Protein chains: 2
Amino acid sequence: MSKASDLKEMGLKATGPRLKILNLFETSEQRHLTAEEVYRILVEEHTDIGLATVYRVLTQFEQAGLLVRHHFESGKAVFELNQGGHHDHLVCVKCGKVEEFFDPEIELRQDAIAKKHQFQIQDHAMYLYGLCHDCQQSRIGSR
Amino acid sequence: MSKASDLKEMGLKATGPRLKILNLFETSEQRHLTAEEVYRILVEEHTDIGLATVYRVLTQFEQAGLLVRHHFESGKAVFELNQGGHHDHLVCVKCGKVEEFFDPEIELRQDAIAKKHQFQIQDHAMYLYGLCHDCQQSRIGSR
DNA sequence: ATCTTTGCAAAGAATTTGCATAGCT
DNA sequence: AGCTATGCAAATTCTTTGCAAAGAT
């Protein structure tokens, strides 16, 4: 019942679609999912939830701080569970794999830069795009 | 005639629309422009160029390495002149102002991280979102 | 003259919204 | 019961494409 009460605390009723989508993020081995991917997984699981609902729920969860929305260079929004700590991303442009990292040195430099520019930072993101280890081997179109 | 020959070198004919769009990026005080903004400026300048052409030319210029395309969190693509040196961005979430910076220390850390994760980096981007100096004063919705 | 580019309108992809029905509490 | 959430289809927003007419070399 913890999930249900989590939702209620943020003014969201504990409905089937919401619980399922939240559960999906908590159990999927892929931490980073697009709306379409969430939808497709739900459909495959015989769980019929409309795509519009997926979009609505993802947005609500983002506003509630449960999920974080990212904009990789694909044009589609990608969501991941907000587990507190900030981190940045390595994105494989070939297979789509995403790895996370956190570098305190970079964070410090960011703060210093913001101060120098008199910017009051609210959020920040860093993306490194390239080929992951696996995709460096077979250079010609695997995937 | 330099601009025209620049274009020809990359296999693009030196047409009016292309020269005008290139010139716009070279002279506008706003370095970062969306396709719509380019289109709007051209329309205001009595220069009638179709929106589709703006999109096509921007994409061609990006592929030719003349422009760089960014995806800030807005959902719209933003273009800027490629002047060689890589740099990152501070983006004001209130007024939209964009400031650029380059930090060698951060670049070094990024390389180290990529190596550790065995990623072969092709591109990278860092965005700091927040309030610029001007927008910190009047906290309640200017613009 | 030939091959490229443009404009317009239509098509597409991602996401949002209106509204009647179904679901929580 | 009463108010919120969902599903579906239509609407939006950003961007791309097809095709005939105009432009560049």
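Since we're looking at a predicted model, the values are computed, not measured. Proteins come first, then strands; the chains are lettered A, B, ... in the order of their sequence lines, and each starts at number 1.
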* Starting at atom CG of A/L19, determine the distance to atom C1' of D/dT6, rounded to an integer number of angstrom. => 14 Å

* So which nucleotide from D/dT15, D/dT25, D/dT6 ends up closest to the side chain of B/L51? -> D/dT15

* Structure fact -> Taken to the nearest whole Å, CD1/B/I21 to C1'/C/dT6 is 11 Å

* Asked: B/E9 CD to D/dT25 P: how many Å, rounded?
  -> 14 Å

* **Out of D/dC8, D/dT15, C/dT6, whichever nucleotide has its closest atom nearest the side chain of A/R56** => D/dC8

* Asked: For the pair made of CG in A/D48 and C1' in D/dG7, what is the distance, rounded to whole Å?
  -> 10 Å

* Going through the checks in order, is the side chain to side chain contact (heavy atoms under 4.5 Å, CB included) test met by B/E80 and B/H89? -> CA-CA 12 Å; B/E80 76 175 304; B/H89 297 89; 3.1 Å; yes

* **Length of the line joining B/L58:CG and D/dT16:C1', which is rounded to integer Å** => 13 Å

* Asked: Out of curiosity, A/H124 NE2 to A/H86 NE2, how far, rounded to the nearest 0.5 Å?
  -> 3.0 Å

* Are A/T15 and D/dT4 close enough that a side-chain N or O sits under 4.0 Å from OP1 or OP2? -> no

* Structure fact -> note: A/E36, atom CD; C/dA13, atom C1'; distance rounded to Å ~ 9 Å

* **Among C/dG7, D/dG7, C/dT15, the one nearest A/A77 by side-chain distance** => C/dT15

* For the side chain of A/V57, starting at C-beta, report the closest nucleotide among D/dT6, C/dG7, C/dT25. => D/dT6

* Structure fact -> Regarding the side chain of A/K13, the nearest nucleotide among C/dT6, C/dT25, C/dC3 is C/dT25

* **5'-most by nearest nucleotide on DNA chain D - B/S74 or A/I49** => A/I49

* **Atom-to-atom span, CZ of A/F72 to P of C/dA14 - whole angstrom** => 16 Å

* Asked: Choosing from C/dG7, C/dT16, C/dT4, which nucleotide comes nearest the side chain of A/A52?
  -> C/dT16

* Examine C/dT15: is either OP1 or OP2 under 4.0 Å from a nitrogen or oxygen in the side chain of A/Y55? Give yes or no. => yes

* **Atom-to-atom span, CZ of A/R18 to P of C/dA22 - whole angstrom** => 19 Å

* Considering only heavy atoms from C-beta outward, does the side chain of A/V91 approach that of A/L128 to under 4.5 Å? -> no

* Any donor and acceptor pair, going by atom type alone, linking the side chain of B/R18 with main-chain N or O of B/V57 inside 3.5 Å? -> no

* Asked: To the side chain of B/L12, which of C/dT5, D/dT6, C/dT6 is closest?
  -> C/dT5

* Has the side chain of B/Q136 got a donor or acceptor atom that lies under 3.5 Å from a matching backbone atom of B/L131? -> yes

* Closest nucleotide of DNA chain C for A/G16 versus for A/K76: which of these residues is on the 5' side? -> A/K76

